[in-house]
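Take a look at the structure below.
Starting from 1, each residue takes its place in the sequence as its number.
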Amino acid sequence: MAATDLRRISLLAGFSLLLFLITASTYGSLGVVLPAMIGELGWSFEKAFLGFSVLGVFTGASSWLPAILIRRIGVRGTLLLGSAVLGAGLLGFAGSESIVRYYVGAALCGIGFQMAALIPGTHVLSALYRKRALPFGIYFTSGSLGGVAGPWMALAIMGGADNDWRTYWLVQAVLACVVGVICAAMVGGSRWLAEAAQEVDVAVEQEARKAPDDARVYRTSHEWTVKAALRTPQFYMLVAAYFTHLLTGVTVASVSVSHIGEIGVAAGMAAAAAAAVGAKMLSLESLMQTLARLGGGFIGDRIDPKWLLVGAQAMLVAGLLALASATTVPLMLLYAVGTGVGFGLTVLAVTVLLLNYYGRRSNLELFSLTCLVGAVSAAGPFIAGAMRDRLGSFSPTFQLFAATIAVVFVAALFMKPPIPPADMIDVPD
């Protein structure tokens, strides 16, 4: 195996491990730990779930920051800084004596998540791999595995520490910093990355010339400018699809355990047993994300990723409607499979379609702009908490979100590749 290939694989493994840990310590476990925090600190559902919204808002709103930092201080410096910010946020969770400190910790975790996870990872992998679907599938699969492991990590560590949720956040803070430093040490300098990307671009363009009309093939003969891409309706369709997966993911992760616990108690189940069922379903939902992303990675270069996106949106609708009234095992399974597969495939399909439609050179900025919708989708947990406090149930929230996603599904169904404009960047042969 060539040294370059070995380094590519090592970087894929390193970034995958980092995304696994970051997802497990934030979105994968906060919803599981929150009930214990609410019980000890006496917060209302609305105030507690607002912290989850703060996490999402700062994850999305800070998506422009990694792009700027990567252009100025490189991927390595961005990863080190991001790991430090994430660690500080987790320490903020551990020291949550007041609701304000909890919100500050959530904000720092959101910023650190963006700086150390998706944007640096997708930027490096898109530059190193000619066929992107499989490495992206593996990378996003690792994030899903973090979602699977997060609830169990929280339950295991808290169980071994007499239900002390502060210990859990301290352990995660240490792990985030250690793995972030290891991953940063593996990343090469900006010059090495640029040279590796140029070699990949040459190989990609040679393949594109063999199949000029194949919608699956990403091209480099012409590269879209950010300005030109922002004038196409397809970009906003992809942004809308990314929004729906974030809206679903952050809401399900934050409130599904409480929701299933409440309807389980109403159906005659013991409170502890109902909460355990909710945690298991959340873990199963994350497992479905894992399988969907892994499977999507294997087939994403063989079919038009648009159809992955269409199917994913349909699954999200079905999963949310099932979760709204998940009082039986079949409905719980439909919720876990639907939201898990839909969430997992959407992010993979959107990431690949952005590259296929608009090219790599502006992808760092375009993907960062796409991630900005996280700031809006993060309102999901707050909306859910507010509706729960006023209507007595989380079900109307899931039904409302399902209707919103159905609109995006119809738009994606009729979406076609954008027509190249005259002001794209010419890339010489």
Problem set entry | Least distance between heavy atoms, Ala402 atom then Leu320 atom | N-CD1, 3.9 Å
Exercise. What closest approach, in Å, do Asn163 and Ala36 show between heavy atoms, and which atom pair accounts for it?
Worked result: ND2-CB, 4.4 Å
Exercise. Does Ser395 offer a backbone N or O that forms a donor-acceptor pair with the side chain of Ser393 under 3.5 Å?
Worked result: yes
Exercise. How are the rings of Phe343 and His245 set to each other: parallel, tilted or perpendicular (split at 30° and 60°)?
Worked result: tilted
For this session: Check each of Tyr168, Trp152, Trp169 against Ser29 using the side chain to side chain donor-acceptor pair (under 3.5 Å) test, and report the only one that passes.
Result: Tyr168
For this session: Say whether, by atom type as modelled, one donor and one acceptor occur between the side chain of Ser62 and the main chain of Leu65 under 3.5 angstrom.
Result: no
For this session: Determine the minimum heavy-atom distance between Asn356 and Pro305, stating which atoms define it.
Result: ND2-CG, 3.9 Å
For this session: Start with the C-alpha distance between Leu90 and Leu170, add both sets of side-chain angles, then the distance that settles side chain to side chain contact (heavy atoms under 4.5 Å, CB included), and finish with yes or no.
Result: CA-CA 7 Å; Leu90 293 170; Leu170 289 173; over 6 Å; no
Exercise. Measuring from Gln172:CD to Leu86:CG, what's the distance to the nearest 0.5 Å?
Worked result: 9.0 Å
Problem set entry | N/O donor-acceptor pair under 3.5 Å between Thr232 side chain and Ala229 backbone | yes
For this session: With rounding to the nearest 0.5 Å, note down the distance linking CG in Leu353 to OG1 in Thr346.
Result: 10.5 Å
For this session: Rounded to the nearest 0.5 Å, what's the gap from CG on Leu12 to OG on Ser142? Could you check?
Result: 7.5 Å
For this session: Flag the pair Leu79 / Leu18 as yes when at least one side-chain heavy-atom distance between them is below 4.5 Å, and no otherwise.
Result: yes
Problem set entry | Closest non-hydrogen atom pair, Gly340 against Ala292 | O-CB, 4.5 Å
For this session: Taking the side chain as every heavy atom from C-beta outward, state whether Thr248 and Phe401 have any pair of such atoms under 4.5 Å apart.
Result: no
Seminar exercise, completed: d(Tyr357 OH, Leu354 CG) to nearest 0.5 Å is 10.0 Å
For this session: Could you tell me the separation between the CD atom of Glu97 and the CG atom of Leu41, rounded to the nearest 0.5 Å?
Result: 7.0 Å
For this session: Over 60° means perpendicular and under 30° means parallel, so classify the ring planes of Phe367 and Tyr242, tilted if in between.
Result: perpendicular
Exercise. So, do Met158 and Asp164 sit near enough that their side-chain heavy atoms are less than 4.5 Å apart?
Worked result: no
For this session: With the side chain counted from C-beta on, respond yes when Leu155 and Val32 share a heavy-atom pair under 4.5 Å apart, and no when they do not.
Result: yes
For this session: Go through Ser325 and Leu331 one step at a time and tell me if the side chain to side chain contact (heavy atoms under 4.5 Å, CB included) criterion holds.
Result: CA-CA 7 Å; Ser325 55; Leu331 283 175; 4.1 Å; yes
Exercise. Any sub-3.5 Å donor-acceptor pair from Arg101's side-chain atoms to Ser96's backbone N or O?
Worked result: no
Exercise. Are any side-chain N or O atoms of Arg390 and backbone N or O atoms of Ala386, one a donor and one an acceptor, separated by less than 3.5 Å?
Worked result: yes
Exercise. In Å and rounded to the nearest 0.5 Å, what is the CZ to OG1 distance from Phe394 to Thr251?
Worked result: 10.5 Å
For this session: Could you go through the side chain to side chain contact (heavy atoms under 4.5 Å, CB included) check for Arg71 and Glu365 one step at a time?
Result: CA-CA 10 Å; Arg71 297 299 190 196; Glu365 287 75 18; 3.1 Å; yes
Problem set entry | N/O donor-acceptor pair under 3.5 Å between Lys306 side chain and Leu413 backbone | yes
Exercise. Is any side-chain heavy atom of Leu345 closer than 4.5 Å to a side-chain heavy atom of Met315?
Worked result: no
Exercise. Side-chain donor-acceptor pair under 3.5 Å between Thr244 and Gln313, yes or no?
Worked result: yes
For this session: Of all the heavy-atom pairs spanning Val85 and Gly112, show the shortest one and how long it is.
Result: CG1-N, 3.8 Å
Problem set entry | Whether Thr404 side chain and Leu400 backbone form a donor-acceptor pair below 3.5 Å | yes
Exercise. Side-chain contact, heavy-atom cut-off 4.5 Å: Cys371 with Gln114?
Worked result: yes
Problem set entry | For Leu316 against Thr339, the heavy-atom pair lying closest together | CD2-O, 3.7 Å
Exercise. Are Leu230 and Phe235 side-chain neighbours, meaning at least one heavy-atom pair lies under 4.5 Å?
Worked result: yes
For this session: Kindly determine whether Leu69 and Val75 satisfy side chain to side chain contact (heavy atoms under 4.5 Å, CB included), including the steps that lead there.
Result: CA-CA 8 Å; Leu69 290 174; Val75 176; over 6 Å; no
For this session: Check whether any side-chain heavy atom of Pro120 lies under 4.5 Å from a side-chain heavy atom of Ile70, and answer yes or no.
Result: yes
For this session: Would you check if the side chain of Ser63 reaches a backbone N or O of Ser368 as a donor-acceptor pair within less than 3.5 Å?
Result: yes
Exercise. Does Trp43 have its ring centroid less than 6.0 Å away from the ring centroid of Tyr102?
Worked result: yes
Problem set entry | Residue from Thr351, Thr370, Leu309 passing side-chain contact (heavy atoms from CB on, under 4.5 Å) with Leu238 | Leu309
